[in-house]
Enquirer: 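Handing you this structure, nothing more for now.
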Amino acid sequence: MEAKKYNKAYATPAFAPNLPVIINEEFCTGCNKCVDICRMDVLLPNPEKGKPPIVMYPEECWYAGCCVGACPEEGAIWLEYPINMRMNWKRKESGKMYRIGMKDPLPPNPKPPVG
Amino acid sequence: MDYKFEWPYKVNYDKEHSFSADILVIGAGLAGSMAAIEAAKRGKKVMVVDKAGIERSGSGGAGIDHWNFACSNPCCKISPEEMIEEEVEKASGYRGEYIIGHCNYIAMKESYETLLDIEKMGLRFRDEKNEFAGADFRDDETKMMFAYDYKNKYSIRLKGGWRLKPILYKEMKKRKVDLYEHIMITGLLNEGGIPGAKIVGATGVNVRTGEFYIFQAKATILSTSAPGGMWIFSTDLLGSSSVFFDPNNCGDGHAIAWKAGAKFTCLETSRKEGGGFQYAAYGTGNVHNTFYPCSLVDDDGKEIPWIDRDGKVLDNFKERTVPAANQKMFIQSGPQQYATQNPRPIPDLPERIRKGEFKLPLYSDFPGMPELERRAMWGLMVGNEGKTRMLYMQYAKAGFDPDKDMLQAPVMPPEEYSFRPWWHGIAPSQWREASFFAGNIITDWDLKTNLEGLYAAGAITGCGGAAGATATGRYAGRKVVEYIDKTSGDSQINREQVEEEKKKVYAPVTREKGLVWKDLRSGLARIMQDYCGEYKHENTLKIGLDMLKSVQESEAQQVVANNPHELWRILECLNRITLGEMIMFSSLERKASCRAMDFKRLDYPEIDPEEWKKFIVISLKEGERKSETLPLKYWLNSPYASSYLENYKKYSGLE
């Protein structure tokens, strides 16, 4: 079969409007749990063992957040919506508008999801 | 681009692996996983294959917020027979009378028992910690929590649903199911290599290493998704999030089964998607689905009234969660027939916005709702549904607090504020989606297809959603075991068919230069938009079919894969060409417009004429597209009994 001749494979980084997957190298141990759980294979393992994964296909991200859920290290991986997906909310009492990404944001709400 | 990154996985195109077992399951979403568990429980050796990592793969892999059709739960006041009657006879369900009745009835009969099975595997879906004690939607004895119609309690709010798929994954491992991850199935294998003959296995390619897989089994369960993303594609704006559905839902199962000779129906169904290039799903002010029945206010804080089906204004929140006077039940979503119409915001809201009575933007008024209701909506449902657990975390990190904050709805033209799912943004009418459960493989009461040895479960049968997928998966797993126990003789894989398949699969890696898969995919989306858009016509559909053929002959032969990931996406595009052909052919064959399918023919504008109330069934025979029809409710026609319950008793293997 001719296909074998083409076993030298490579990838070229793709364009995305934003950086959906943000890896904090300080906390990432390079365990690649996020690589294997991603439904789209957005991430590739770093050729250097123990180093953070490569965000090779950010434009294929579905924002499912499975990578964030699977990460054993607090703060090592995070998702960010593009600006054009960010919706406002209004504090009922003050009437003030807020949104993800604004200057002087609210303090985080520590209440976890149910279950 | 100059920069090239060396592929980190060891690539070995053409290297062959062969495996065999009793049963092959294609697609390890909720349906496939449950089918595998059920068959393994009955002592069979099962292989499960998925394109993605199985722990979180499939439409429900990222999480689940509610469990529909739980008619046999002890709190439910609607029997499966009453529910299916509403959905099919009275066309109250999402797809009206074109819902696939037997599959959905199976879900109504078994989805609660399926949930109890999963509870035994470790899912804690009850309010054990009494966080919701005293809520109207909670049953104190069973500690179950319900959504939508609190009187009839047919839909369970699924605490912990975010963990559902990993639980099934663990259970499959525990039961020694052979898991083949990151492998895309590229074709079904027929006995003797002849399309239409018995299914004896399938071929696949590893999307990381490019290695080739041959699976042989006594029977196969096809549990792939409903097709998505046919009309809409642009990764530049929102990544894969430009589609609402799981972007891995490409119609792979449809394409491979069609080529193998399976019959399909309802492929002409599609819908304008509120999204396209939408906001994050459930990240905007809303009153639908998860957010039902959210309080809604305008920019001055003026409340938008809710009414019941008779137009009576509902003064308190509680009234939105129970049927109207003299109404047995309501169904949240669907075509809104009077019998089951749910309470809703005033239908003349668009007009009243125009007149200036309500000022945009509108907001979901969480603080204005009872505390446990908003906690159930945001903390429980958004906190457990696929993708939206991430949304919950993102919003929480940015300080969003449903106890204090009102979530804004997108600002849209007034007419968009009629009661329709969902307010996530608007798109032109040609940006369509195959929508929920469109394009169904024909199955009998055993969930067996017209091909010997091939069964189906989940969305591809017309019964999706977490409850429908797992229930039909469980049923198919049971039936397939019954089948192989009474079938003798080994089936042989035809080497010629394997070689043909390999040639097709690897062609894109043997090209030095050519097109990128995204170009092909967006080109296909354009063909769908233009020639199979909101309004269809014999002439334009025929041109569309010609264009698909032309692209297949030309551009599809020029796409290049520089690595196995790109090969994966290219093979999906090739399946999409086949799926496009199936959709356009079905659309040509339905020579009438149809309300439930949102199907509009310019040349046959009459909606639902009596003689066209039937299913269009398509298949490929000796390379030619064939169409036939089946009457509505064909699952209650000869050779089957005339009632759901009788058939169920005869076929389910349980009663």
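The chains referred to below are lettered A, B, ... by the order of the sequence lines, with proteins before strands, and numbering in each begins at 1.
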Enquirer: Decide yes or no for A:Arg39 and B:Lys51: does some side-chain heavy atom of the first lie under 4.5 Å from some side-chain heavy atom of the second?
Expert: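 The answer is no; the side chains never approach within 4.5 Å.
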Enquirer: Are the side chains of B:Asp401 and A:Arg91 in contact, using a 4.5 Å heavy-atom criterion?
Expert: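 A:Arg91 reaches B:Asp401 side chain to side chain.
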Enquirer: Ignoring hydrogens and angles, tell me if any N or O in the side chain of B:Lys387 forms a donor-acceptor pair with the backbone of A:Trp62 under 3.5 Å.
Expert: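 A pair under 3.5 Å: yes.
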Enquirer: Using non-hydrogen atoms and a 4.5 Å limit, figure out which bit of A:Met56 sits close to chain B: side chain, backbone, both or neither.
Expert: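 When you check distances to chain B, only side chain atoms of A:Met56 fall under 4.5 Å.
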Enquirer: Can you tell me how far the SG atom of A:Cys66 sits from the CE atom of B:Met390, to the nearest 0.5 Å?
Expert: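 That separation rounds to 10.5 Å.
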Enquirer: For A:Glu48, give me all partners under side-chain contact (heavy atoms from CB on, under 4.5 Å), at least two apart in sequence or on another chain.
Expert: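 A:Glu48 satisfies side-chain contact (heavy atoms from CB on, under 4.5 Å) with A:Asn46, A:Lys51 only.
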Enquirer: Pick from B:Gly161, B:Gly53, B:Gly379: which one has the most heavy-atom pairs with chain A under 4.5 Å?
Expert: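 Top count of heavy-atom pairs under 4.5 Å with chain A: B:Gly379.
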Enquirer: Are side-chain heavy atoms of A:Met40 and B:Arg569 found at a separation under 4.5 Å?
Expert: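 Of all side-chain heavy-atom pairs linking B:Arg569 with A:Met40, at least one is under 4.5 Å.
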Enquirer: Can you tell if the side chain of A:Ile100 reaches within under 4.5 Å of the side chain of B:Tyr395, non-hydrogen atoms only?
Expert: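 Yes, close enough: below the 4.5 Å cut-off.
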Enquirer: Would you mind checking which part of B:Met393 comes under 4.5 Å of any heavy atom in chain A, side chain (CB onward), backbone (N, CA, C, O), both or neither?
Expert: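 Its backbone and side chain both get close to chain A.
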Enquirer: Do the side chains of A:Tyr6 and B:Glu512 get nearer than 4.5 Å, heavy atoms only?
Expert: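 Counting from C-beta outward, B:Glu512 and A:Tyr6 do come under 4.5 Å.
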Enquirer: Heavy-atom distances under 4.5 Å only: say whether B:Phe400 touches chain A with side chain, backbone, both or neither.
Expert: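 Answer is both: backbone and side chain atoms of B:Phe400 are under 4.5 Å from chain A.
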Enquirer: Between B:Arg208 and A:Asp36, does any side-chain N to carboxylate O distance fall below 4.0 Å?
Expert: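 Salt bridge flag = yes for A:Asp36 with B:Arg208.
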Enquirer: Which of the residues B:Ile54, B:Asp246, B:Thr284, B:Val382 is involved in the greatest number of heavy-atom pairs with chain A at under 4.5 angstrom?
Expert: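 Of the options given, most contacts go to B:Asp246.
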Enquirer: Out of curiosity, A:Met87 CE to B:Leu407 CG, how far, rounded to the nearest 0.5 Å?
Expert: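 Rounded to the nearest 0.5 Å, the CE-CG separation comes to 7.0 Å.
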Enquirer: For A:Pro20, is it the side chain, the backbone, both or neither that has a heavy atom under 4.5 Å from a heavy atom of chain B?
Expert: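 A:Pro20 has no heavy atom closer than 4.5 Å to chain B.
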Enquirer: If you look at every heavy atom in B:Ala398 and A:Trp89, which pair is closest and at what distance?
Expert: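 For B:Ala398 and A:Trp89, the tightest heavy-atom pair comes out as O-CZ2, 3.5 Å.
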Enquirer: To the closest 0.5 Å, what do you measure between CH2 (A:Trp78) and NZ (B:Lys397)?
Expert: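 The distance works out to 5.0 Å.
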Enquirer: Pick one of side chain, backbone, both or neither for B:Tyr9, based on which atoms fall under 4.5 Å of a heavy atom in chain A.
Expert: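 Answer is side chain: those atoms of B:Tyr9 sit under 4.5 Å from chain A.
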Enquirer: If we check salt bridge (charged side-chain N to carboxylate O under 4.0 Å, His left out) with A:Lys90, which of these qualifies: B:Asp299, B:Asp300, B:Asp298?
Expert: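 The single option meeting the salt bridge (charged side-chain N to carboxylate O under 4.0 Å, His left out) with A:Lys90 is B:Asp299.
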Enquirer: Does anything in residues 108-115 of chain A reach chain B? List residues with heavy atoms under 4.5 Å apart, or say none.
Expert: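 The list, in residue order, reads A:Pro108, A:Asn109, A:Lys111, A:Pro112, A:Pro113, A:Val114, A:Gly115.
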Enquirer: Does the side chain of B:Asn562 reach to within under 4.5 Å of the side chain of A:Thr12, using non-hydrogen atoms?
Expert: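 No, side chains not in contact.
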